[in-house]
Amino acid sequence: MADFLTPQSEDFSRWYNEIVQKADLADYSPVRGCMVIKPYGYTLWENIREALDRRFKATGHVNAYFPLFIPMSFLQKEAEHVEGFAPELAVVTHGGGEKLEEPLVVRPTSETIIGYMYAKWIQSYRDLPVLINQWANVVRWEMRTRLFLRTTEFLWQEGHTAHATREEALEETMRILDLYTDFAVNDAAIPVIPGRKSESEKFAGAVNSYTIEAMMKDGKALQSGTSHFLGQNFAKAFDIKFLDENNQLQYVWTTSWGVSTRMVGAIVMTHGDDQGLVLPPRLAPTQVVIVPIWRKKKEREAVLEAARSLYERLRPVVRVHLDEREGFSPGWKFHDWEMRGVPLRLELGPRDLASGTVVAARRDIPGREGKRVLQMAEVEQAVPALLEEVQAGIYRKALDFREAHTWEVESYEALKEAVAQGFARAWWCGDPACEAAIKEETKATIRCLPQDQPGGKGRCIYCGKEAHEVALFGRAY
RNA sequence: CGGGGCAUAGCGCAGUUUGGCAGCGCGCCUGGUUUGGGUCCAGGAGGUCGGCGGUUCAAAUCCGCCUGCCCCGACCA
């Protein structure tokens, strides 16, 4: 089996690169740092998109689309923003064979162009709040890329909202953080730690950034979604003003938030094993695969007929696929679907036909232990129930893994040991100098200041001064 | 962008040191055999050796430049 996929324990990084390609999620493109998302990977992304979009709509947001090109000067209007993004901009200098008067940047994110438009659209407190999301591609000229985790071009959603008051904008920022957490936990089956970014890790141009941080199977952290409170920074840069009830001219308060195709990488590295992908049932392109089994010609007809009838019965209930491929042994097909991470496999052969049963094999429990015999009469109920068990099971497994690799540390030595294998929670005084020193010495950064705080006060893990917050430390992707 | 490695059939690799017929395994196609955890046999197709230039009677092999990928670092959703 090891011939087919490098084991995670041998080289996690290599395992990741192999499985992304072997499971047909994506392929390299001829352009550096760009990827082709293949149909299987794209369907997974579509399911992620649908699950998030449903939540956005339910909380009053609407979708729109803003253009890919942004005048260079727009980026320069917000000092921190331009400083943060300038090094990774793709710039268009020519169009239609002529040099452009003003270069256009390919959006790395859309705060600026959306800010410009909001300034035109917002006049009165009656125009607020504006709650717009867009599904788009963005480009960041990263130095080092990896499929799904960091590509030059990536797909994401970016929400951009404008509010009359600071409180409302803060509330929106946190509402989205909760929404992302809910999606990660319930649909992607990824336990995440929501919290605030430190000053040095926050979004360029934000007052505060919030994040959901996940632990991958190699103990490293992956920032899986962010929600930014932008204060009035972009309102002032783009002159987004409105008249309030008292006829006073005010700047709006804005937020922005995003989840990207990186989420696919998060799913791969949270649940995958040495057999391949393990996809959460709620998001899996195919939730159930039926593998028919026969020995003789006679059996073949009977089994296929039963398999097709089973397929038709399940189709209204789950995303099911019937593997009718000729010339592949059942064992070969089992491995093939395991590689692709299909959560549940139904094996149907002559023995099952005789007894009115079908064998269900869970992807999250390898071998015989994950198999169960279902009565054919009750598959419409039993199969969705099993999928729910898999969904809950992989979440539990991921949570157990994270907890087993997270340590409350009280000494700097203990922190060093902890971040070599996972996360460390430790008191931090808030001084960027301590944060920078820890990063320098351990490669670990503050992933976030978790929402879940013990309260009270302690001693900074680095300098020993009084500290009021516990920080989550870890090495990150 | 700095350091290291790599680029030969769809995939994984050998051949490069010492220049001389482009090979192996898997996959793919055809026929048969097999099918409850990666069947077996026979036959077959497939390569301007990453690109450009140079040296040479002769270059996958030597030299120069370029491009891309992987790993480590700085940057980052």
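Within every chain, numbering begins at 1; the chains are lettered A, B, ... in the order of the sequence lines, protein sequences first and strands thereafter. What you see is a predicted model; the values in this text were computed from it and never measured.
Nucleotides B:G27 and B:U67 are separated by 38 Å at their P atoms, to the nearest Å. Comparing B:C24 with B:G44, their P atoms sit 12 Å apart, to the nearest whole Å.
One finds no side-chain N or O of A:Lys333 lying less than 4.0 angstrom from the OP1 or OP2 phosphate oxygen of B:G36. Checking the phosphate oxygens (OP1, OP2) of B:G36, no side-chain nitrogen or oxygen of A:Arg351 falls inside 4.0 Å. In this model, the phosphate group of B:G36 is not approached by any side-chain N or O of A:Arg368 to a distance below 4.0 Å at OP1 or OP2. Distances shorter than 4.0 Å separate some side-chain N or O of A:Lys439 from OP1 or OP2 on B:C75. At least one side-chain nitrogen or oxygen of A:Ser329 sits closer than 4.0 Å to the OP1 or OP2 atom of B:U39. Proximity of A:Ser13 to the phosphate of B:C71: a side-chain N or O atom is located under 4.0 Å from OP1 or OP2. Between A:Asn17 and B:C69, a side-chain N or O to OP1/OP2 separation shorter than 4.0 Å is absent.
Across the interface with RNA chain B, nearest-nucleotide mapping of A:Ile293 and A:Ser260 shows A:Ile293 to be the residue nearer the 5′ end. Nearer the 5' end of RNA chain B, as judged by each residue's closest nucleotide, is the contact made by A:Met339, out of A:Phe85 and A:Met339.
Nucleic acid contact for A:Trp294: base, since at least one base atom lies under 4.0 Å from a heavy atom of the residue. Nucleic acid contact for A:Gly370: none, since no nucleic acid atom lies under 4.0 Å from a heavy atom of the residue. Counting any heavy atom pair closer than 4.0 Å across all strands shown, A:Glu347 reaches a base atom.
A:Phe148 and A:Trp45 have their aromatic ring centers separated by at least 6.0 angstrom. Ring to ring, A:Phe85 and A:Phe203 are close: their centroids are under 6.0 angstrom apart.
A donor-acceptor contact under 3.5 Å links the side chain of A:Lys371 to the base of B:G37. Contact annotation: side chain of A:Asp352 to base of B:G36, donor-acceptor pair present below 3.5 Å. A donor N or O paired with an acceptor N or O is found under 3.5 Å between the base of B:G37 and the side-chain atoms of A:Arg345. Between the side chain of A:Gln275 and the base of B:G38, no donor-acceptor pair under 3.5 Å is found.
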Review point. Between A:Arg447 and A:Thr445, does a side chain to side chain donor-acceptor pair (under 3.5 Å) hold up when you go through it step by step?
Key: CA-CA 6 Å; A:Arg447 301 318 306 153; A:Thr445 51; 2.7 Å; yes
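Put simply, OH on A:Tyr16 is 16 Å from C1' on B:C69, counting in whole angstrom units.
With respect to A:Glu435 and A:Lys439, no salt bridge is recorded, no charged nitrogen being found less than 4.0 Å from a carboxylate O.
With its ring centre under 5.5 Å from that of the base six-membered ring and a plane angle below 30°, A:Phe154 counts as stacked on B:A77.
Figure legend: A:Lys333 and A:Phe328 shown without cation-pi pairing, the cationic atom not lying both under 6.0 angstrom from the six-membered ring centre and within 45 degrees of its axis.
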